[in-house]
Novice: 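Quick one: the structure is below, and I'll ask about it shortly.
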Number of protein chains: 2
Amino acid sequence: MVITVRGDTELVARAYPLFASVKDDFVCAARDLTTWAQPEAREAVIRRLSGGGPPPFRVRKLLSPAALADEDARRHLWEVVAQGAEVRISASPLPHETIVLDRSFAILAEVAPPFGGPREYTVTDTPSVVGGVRMLIEAAWKAATELDAYLRSDMPQLDADGQAVLRMLGGGHTDESAARQLGLSLRTYRRRVADLMALLESGSRFQAGMRAGELGLTG
Amino acid sequence: MVITVRGDTELVARAYPLFASVKDDFVCAARDLTTWAQPEAREAVIRRLSGGGPPPFRVRKLLSPAALADEDARRHLWEVVAQGAEVRISASPLPHETIVLDRSFAILAEVAPPFGGPREYTVTDTPSVVGGVRMLIEAAWKAATELDAYLRSDMPQLDADGQAVLRMLGGGHTDESAARQLGLSLRTYRRRVADLMALLESGSRFQAGMRAGELGLTG
DNA sequence: AAAGCGGTGGCAAGAAGCTGCCATACACTG
DNA sequence: CAGTGTATGGCAGCTTCTTGCCACCGCTTT
């Protein structure tokens with residue numbers, strides 16, 4: 001069974017019974033929480049969680065760092081967590097929304113259009129698809145960071161410049177070659193390196209590299 | 001379009017033209033390389049890679065550590081890499097085989113039965129499915145480890161000296177202070193550092209630090 | 001004993017990296 | 001427009017690192 005629907009309204013109409021039927025596992029991967037702004041669908045899950053006590057099934061949300069962009073989003077996430085859901089942040093952008101219900105159904109969405117036009121969803125119970133998607137979400141989940149750990153770790157997030165510098169440093173280039181490749185003057189490149197080292201609270205390049213490696217900052 | 005086939009033979013019959021049509025990206029996630037033992041399908045890709053020169057498109061394989069179990073498998077992997085494919089190892093088990101061709105098609109398999117009976121494959125070009133699966137593979141890919149880094153990570157255990165040097169470097173000391181604390185001459189200390197860098201195949205201290213950090217060598 | 005070998009340490013020249021100072025450029029503000 | 005703040009790039013001098021060369025020591029082999 002594979003069905004394709006356009007727009008959230010139609011999806012809700014089709015998928016509502018599925019949401020209501022979740023027995024032990026609800027997992028979703030998405031860029032942020034702006035989708036599902038229509039409360040109907042989420043309610044089906046939320047309501048079953050808010051009965052107090054431990055949630056009757058496991059709810060997991062895998063999100064990209066973009067989900068933490070504004071204050072509202074963070075507050076919302078904390079509510080979700082307070083209701084018993086697990087939230088992790090993945091380093092990947094996760095532009096497509098993906099949902100797996102138990103081991104029974106998968107819902108895959110197209111990339112959300114910038115101004116919230118209707119998008120296409122595919123709902124399926126094909127075992128190989130559900131299994132494959134579930135497996136991939138598990139893999140991404142395993143590698144992602146718990147929300148509180150993510151927020152607690154003062155993980156220096158690097159802008160594009162910082163990442164480029166990091167890439168050069170990690171590539172073993174001399175400052176001169178790196179600066180040339182980045183189109184910067186030697187002086188400026190070294191300033192960037194110094195900034196990076198300050199960010200990593202390091203007193204030597206080796207130490208900075210070690211920190212970067214430990215933090216998984218591959219650039 | 002969503003089709004379901006049973007058994008590798010039928011899959012090959014159906015999917016061969018797809019494999020032959022790959023333009024710029026072939027990515028697959030699987031537990032190991034025992035699947036596709038039937039050479040027909042792989043050949044379609046392999047042959048197009050072995051023409052010498054840079055591969056005409058990107059080939060990526062995301063595998064679980066089980067793929068490195070025996071010597072044959074490792075040798076095979078090195079061949080694949082030599083032919084221009086990228087191979088990464090994920091910490092997750094990846095029981096379902098999953099393949100994405102360009103941004104056009106996705107192939108998802110059921111879990112391989114223990115003794116190689118026929119299994120069910122789903123082939124689709126539905127954009128939301130292909131996009132979603134691709135996104136998830138990208139996420140898992142990003143979090144996985146490069147094959148050579150993974151194999152190198154059984155790093156030759158550093159002896160006490162090496163660990164001490166690493167501790168000094170990681171502590172941000174200058175060579176002079178480090179050598180003094182270790183009771184070594186400056187010359188010898190620097191020799192040790194050079195040895196360590198050679199071991200880490202690094203061309204700069206930063207790079208060495210990064211490798212050390214990635215490999216979790218805290219000294 | 002003599003020769004060979006691996007590890008050590010001193011020395012020095014050169015490369016690489018670090019940083020203060022200054023001049024310039026551009027955006028923003030009053 | 002003048003003033004302020006921020007980012008850039010050149011320059012210079014300093015520190016740190018890198019490496020080759022040589023001498024020495026202790027050990028084993030011949």
Novice: Roughly, in whole Å, what's the span from CZ in A:Arg190 to P in D:dC11?
Specialist: 14 Å
Novice: Whether the side chain of B:His96 engages the backbone of A:Met135 through a donor-acceptor N/O pair (distance < 3.5 Å, no angle test) should be reported.
Specialist: no
Novice: Please tell me which of B:Tyr189 and B:Ser204 maps to the more 5' nucleotide of DNA chain C, matching each residue to the nucleotide holding its nearest heavy atom.
Specialist: B:Tyr189
Novice: Taking CG from B:Leu186 and P from D:dT16, how many angstroms apart are they, rounded to a whole number?
Specialist: 11 Å
Novice: Would you tell me whether B:Thr126 and B:Thr124 have side-chain atoms, one donor and one acceptor, within less than 3.5 Å of each other?
Specialist: yes
Novice: Round to the nearest Å and state the distance from B:Leu169 atom CG to D:dT16 atom P.
Specialist: 15 Å
Novice: Let me know the distance between CG of A:Asp175 and P of D:dC17, rounded to the nearest Å.
Specialist: 14 Å
Novice: Checking B:Tyr189 against B:Arg191: is there a side-chain donor and acceptor pair closer than 3.5 Å?
Specialist: no
Novice: Any donor-acceptor pair under 3.5 Å linking the side chain of B:Gln207 with the backbone of B:Gly203?
Specialist: yes
Novice: Between B:Glu138 and B:Arg134, is any pair of side-chain heavy atoms under 4.5 Å apart?
Specialist: yes
Novice: Check every nucleotide of DNA chain C for an atom under 4.0 Å from a heavy-atom of chain B, then give the first and the last such nucleotide from 5' to 3'.
Specialist: C:dT8 to C:dC11
Novice: All N/O contacts under 3.5 Å from nucleotides 4-8 of chain D to the protein, with atom names and distances to one decimal?
Specialist:
{"from": "D:dT8", "atom 1": "OP1", "to": "A:Arg192", "atom 2": "NH2", "distance (Å)": "2.5"}
{"from": "D:dT8", "atom 1": "OP2", "to": "A:Arg192", "atom 2": "NH2", "distance (Å)": "2.7"}

Novice: Taking the basic N atoms (NZ, or NE/NH1/NH2) and the acidic carboxylate oxygens, is any pair closer than 4.0 Å for A:Arg205 and A:Asp175?
Specialist: yes
Novice: Measure the distance from CZ on A:Arg205 to C1' on D:dT18 and round it to the nearest whole Å.
Specialist: 14 Å
Novice: From D:dG20, D:dT18, D:dC11, pick the nucleotide closest to the side chain of B:Arg187?
Specialist: D:dG20
Novice: To the nearest Å, give me how far apart CD (B:Gln207) and P (D:dT18) are.
Specialist: 13 Å
Novice: Can you find a heavy atom in the side chain of A:Leu68 that is under 4.5 Å from one in the side chain of A:Asp32?
Specialist: no
Novice: Compare all side-chain heavy atoms of A:Val133 with those of B:Leu136 and state whether any distance is below 4.5 angstrom.
Specialist: yes
